[in-house]
Trainee: 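Submitted below is the structure of interest, expressed as structure tokens.
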Amino acid sequence: DFIHCRVLNKTSQSLAGNSVHWINRPKNGPIIVLSSELQTFEKKSNTFSHLPVLVNGEDVNRSEMWNPFNQAADEELWLTGRLGVMSYNIKTRQGTILQFRTDTAIVSTTDNEGLVLDAAGRAWIGIYQYILSCDTATGQTNVYPLKDFYDSVNTHGFVPFLVSSTGVLYGGGWDAGVATFNPQTGKRKLYHVDKRNPSAVSNESSHAFIEAANGLIWFATIGGGINVFDPVSEKFRAFTTQDGLIHNFVVSLVEDKEGYYWVGTRAGLSRFRPPSNPFDPEVKIKFRNYDIADGLPSGALNFLAAFCD
């Protein structure tokens with residue numbers, strides 16, 4: 001069953017805005033929802049509460065948009081947004097805008113595209129025209145200009161989405177292809193659509209990367225359905241409406257506790273269990289699709305606004 005939460009004009013416990021940008025839950029913390037502001041959500045009562053984000057005594061929650069957070073420690077979240085990169089204590093509600101220094105300068109992070117943390121304690125931040133790497137313990141910072149990093153990345157910049165179990169960084173962006181970078185070896189590669197190659201990525205705009213237990217990388221595209229990538233063979237395979245997916249404009253991709261993947265699109269939801277060998281041409285995916293007729297309040301879902309608790 002689907003439960004619909006929306007803005008109610010006469011109550012402070014309703015959703016703040018009907019356009020939800022992301023949902024997540026920190027370890028041992030509440031569910032956090034971003035619409036027009038950050039709120040906590042209580043599932044038992046279906047109520048929302050304003051989440052203070054205090055910087056120098058001022059609550060900046062209502063004035064700034066925040067990207068999905070990453071958890072640096074038990075009570076510490078790293079948020080990115082228009083103010084830059086913030087360390088936020090979920091218990092005290094206190095936030096600190098972080099500064100990143102190289103040997104020669106302070107690096108501005110106000111024009112960031114998002115952040116992921118790797119197992120070694122490094123933060124990877126996508127910023128307009130470059131990628132920034134920071135050791136969260138020592139503060140040591142490295143800057144990688146995009147013009148030197150890849151042969152061609154568009155002006156929208158690089159958005160880091162996933163650090164795999166092997167330490168490889170996966171990212172993309174609008175019309176930027178799929179980019180990989182291995183910090184240990186320095187190897188980097190950019191994959192683009194190639195109509196002559198059936199094993200190429202199906203779309204230039206990618207996001208919402210997931211690593212499966214077998215090491216394959218699944219991700220969403222804006223118009224090319226869902227793709228799966230084999231890091232060993234460097235081949236891609238796309239699954240689209242021709243395979244039963246409800247729509248090719250995919251806005252979110254999450255895994256539930258039973259191993260199913262949920263695909264949010266502009267026309268509803270699709271659910272499937274990823275096959276162990278999706279590159280076998282005989283393998284078919286059985287999609288279970290949901291739309292307004294199944295109880296969804298709208299078929300057009302929002303970017304990254306999906307979470308499995």
Side-chain angles (χ1 to χ4, degrees), residues 1-55 57-71 77-84 86 88-95 110 112-115 159 161 174 207-208 220 222 246-247 249-256 262-271 289-309:
D1 294 336
F2 294 97
I3 297 174
H4 185 197
C5 299
R6 67 184 192 277
V7 175
L8 300 175
N9 292 330
K10 294 184 179 182
T11 174
S12 61
Q13 293 185 316
S14 75
L15 185 65
N18 284 329
S19 181
V20 174
H21 302 287
W22 57 259
I23 309 164
N24 209 335
R25 182 200 286 272
K27 180 181 177 182
N28 300 323
I31 294 176
I32 299 177
V33 179
L34 174 66
S35 56
S36 59
E37 64 177 59
L38 286 169
Q39 293 178 292
T40 58
F41 174 63
E42 173 54 55
K43 288 199 296 184
K44 291 183 179 180
S45 60
N46 288 333
T47 57
F48 297 82
S49 300
H50 176 78
L51 180 64
V53 181
L54 303 175
V55 177
E58 178 186 358
D59 187 354
V60 299
N61 185 346
R62 297 182 185 277
S63 61
E64 299 298 330
M65 297 289 287
W66 300 101
N67 297 318
F69 64 77
N70 283 257
Q71 189 146 8
L77 309 180
W78 277 34
L79 294 164
T80 57
R82 294 173 186 166
L83 291 179
M86 173 187 292
Y88 177 70
N89 188 297
I90 190 65
K91 186 175 182 179
T92 67
R93 308 304 201 239
Q94 298 292 322
T110 55
N112 65 76
E113 302 282 351
L115 176 152
V159 184
F161 287 108
W174 288 99
H207 66 108
I222 311 302
I246 196 168
H247 200 278
F249 195 115
V250 180
V251 297
S252 62
L253 180 65
V254 295
E255 181 180 7
D256 69 19
W262 291 80
V263 187
T265 77
R266 287 304 196 198
L269 281 169
S270 288
R271 188 191 74 165
N289 295 329
Y290 303 84
D291 57 19
I292 294 175
D294 298 292
L296 283 177
S298 171
L301 304 181
N302 222 5
F303 276 96
L304 300 178
F307 170 68
C308 177
D309 195 18

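Remember, predicted model here, so these are calculated numbers, not experimental data.
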Trainee: Would you confirm whether Glu42, through its side chain, and Lys44, through its main-chain N or O, come within 3.5 Å as a donor-acceptor pair?
Mentor: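 Side chain of Glu42 to backbone of Lys44: a pair is present.
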
Trainee: Given 3.5 Å as the limit, does a donor-acceptor pair link the side chain of Thr110 with the main chain of Gly84, or not?
Mentor: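 Between the backbone of Gly84 and the side chain of Thr110 there is no qualifying donor-acceptor contact (under 3.5 Å).
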
Trainee: So, Asn89 side chain and Gln94 main chain: donor-acceptor pair closer than 3.5 Å or not?
Mentor: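 Such a contact is absent between Asn89 side chain and Gln94 backbone.
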
Trainee: Can you name the nearest heavy-atom pair linking Ile246 to Ala267, along with the distance?
Mentor: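 Looking at all heavy atoms of both residues, the shortest contact is CD1-O, 3.4 Å.
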
Trainee: Work out which heavy atom in Val53 is nearest to a heavy atom in Asp59; give both atom names and the distance.
Mentor: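 Heavy-atom minimum between the residues: N-OD1, 3.1 Å.
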
Trainee: Keeping the roles fixed (side chain from Asn112, backbone from Gly81), state whether a donor-acceptor pair exists under 3.5 Å.
Mentor: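 Yes.
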
Trainee: For residues Glu255 and Cys308, report the shortest heavy-atom separation together with the two atoms involved.
Mentor: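 Nearest heavy atoms, Glu255 then Cys308: O-CB, 3.5 Å.
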
Trainee: Taking the side chain as every heavy atom from C-beta outward, state whether Leu15 and Phe41 have any atom pair closer than 4.5 Å.
Mentor: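 No, too far: nothing below the 4.5 Å cut-off.
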
Trainee: Let me confirm one number: the CG-CD distance from Asn61 to Gln39, rounded to the nearest 0.5 Å.
Mentor: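 Reported to 0.5 Å precision, the distance equals 8.0 Å.
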
Trainee: Do you know the tightest heavy-atom contact between Pro26 and Ile90?
Mentor: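 Distance-wise, the nearest heavy atoms are CG-CG1, 4.4 Å.
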
Trainee: Just checking, is any N or O donor in the side chain of Asn18 or Ser35 under 3.5 Å from an acceptor N or O on the other one?
Mentor: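 No pair is found: no donor N or O on one side chain lies under 3.5 Å from an acceptor on the other.
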
Trainee: Please confirm whether the backbone N or O of Leu115 pairs with a side-chain atom of Asn70, one donor and one acceptor, at under 3.5 Å?
Mentor: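 Yes.
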
Trainee: First locate atom OG of Ser270, then atom CG of Asn289, and finally report the distance between them rounded to the nearest 0.5 Å.
Mentor: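 Answer rounded to 0.5 Å: 3.5 Å.
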
Trainee: Are the side chain of Asn302 and the backbone N or O of Val20 linked by a donor-acceptor pair below 3.5 Å?
Mentor: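 Answer holds: yes.
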
Trainee: Checking Ile222 against Val250 for the side-chain contact (heavy atoms from CB on, under 4.5 Å) test, could you report, in this order, the C-alpha distance in whole Å, the side-chain angles of both residues, the deciding distance, and whether it holds?
Mentor: CA-CA 6 Å; Ile222 311 302; Val250 180; over 6 Å; no

Trainee: Tell me, do Val55 and Met86 make a side-chain contact under 4.5 Å, heavy atoms counted?
Mentor: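 Sidechains of Met86 and Val55: in contact.
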
Trainee: Please step through salt bridge (Lys or Arg N to Asp or Glu O under 4.0 Å) for the pair Arg271 and Asp256, ending with a clear verdict.
Mentor: CA-CA 10 Å; Arg271 188 191 74 165; Asp256 69 19; 5.4 Å; no

Trainee: Distance-only, no hydrogens or angles: does the His50 side chain make a donor-acceptor pair with backbone N or O of Gln13 under 3.5 Å?
Mentor: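 Not at all, since once roles are kept as given, no pair shorter than 3.5 Å links the two residues.
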
Trainee: How about Arg25 and Ile32: do any of their side-chain heavy atoms sit closer than 4.5 Å?
Mentor: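 A side-chain contact under 4.5 Å is absent here.
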
Trainee: Heavy-atom distance under 4.5 Å between the side chains of Ile23 and Ile31, does that happen here?
Mentor: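 Side chain of Ile23 against side chain of Ile31, heavy atoms only: contact under 4.5 Å found.
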
Trainee: Any heavy-atom pair between the side chains of Thr265 and Val251 that's under 4.5 Å?
Mentor: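 When only atoms from C-beta onward are counted, Thr265 and Val251 do not touch, as no gap falls below 4.5 Å.
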
Trainee: Do you know the tightest heavy-atom contact between Arg93 and Leu51?
Mentor: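 That closest heavy-atom pairing would be NE-CD1, 3.2 Å.
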
Trainee: For the atom pair CG (Leu38) and CG (Leu79), what is the distance rounded to the nearest 0.5 Å?
Mentor: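 CG of Leu79 is found 6.5 Å from CG of Leu38.
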
Trainee: List the residues meeting side chain to side chain contact (heavy atoms under 4.5 Å, CB included) with Asp294, not counting sequence neighbours, and say none if there are none.
Mentor: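 Residues passing side chain to side chain contact (heavy atoms under 4.5 Å, CB included) with Asp294: Phe2, Arg288, Tyr290, Asp291.
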
Trainee: State whether the side chain of Gln71 and the backbone N or O of Lys27 hold a donor-acceptor pair below 3.5 Å, judged by distance alone.
Mentor: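 Side chain of Gln71 to backbone of Lys27, a donor-acceptor pair under 3.5 Å: yes, one is there.
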
Trainee: Whether the side chain of Arg266 engages the backbone of Leu301 through a donor-acceptor N/O pair (distance < 3.5 Å, no angle test) should be reported.
Mentor: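 Between the backbone of Leu301 and the side chain of Arg266 there is a qualifying donor-acceptor contact (under 3.5 Å).
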
Trainee: I need the minimum non-hydrogen distance between Gly299 and Ile292, along with the two atoms involved.
Mentor: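 For Gly299 and Ile292, the tightest heavy-atom pair comes out as N-CG1, 3.8 Å.
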
Trainee: Evaluate the side-chain contact (heavy atoms from CB on, under 4.5 Å) criterion for residues Leu269 and Trp262: first the C-alpha distance (whole Å), next the side-chain angles of each, then the deciding distance (0.1 Å), finally the verdict.
Mentor: CA-CA 7 Å; Leu269 281 169; Trp262 291 80; 4.3 Å; yes

Trainee: Side chains of His207 and Phe161, heavy atoms from C-beta outward: is any pair under 4.5 Å?
Mentor: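 His207 vs Phe161: side chains touch.
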
Trainee: Are Phe48 and Thr40 close enough that some pair of their side-chain heavy atoms sits under 4.5 Å apart?
Mentor: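 They are not in side-chain contact.
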
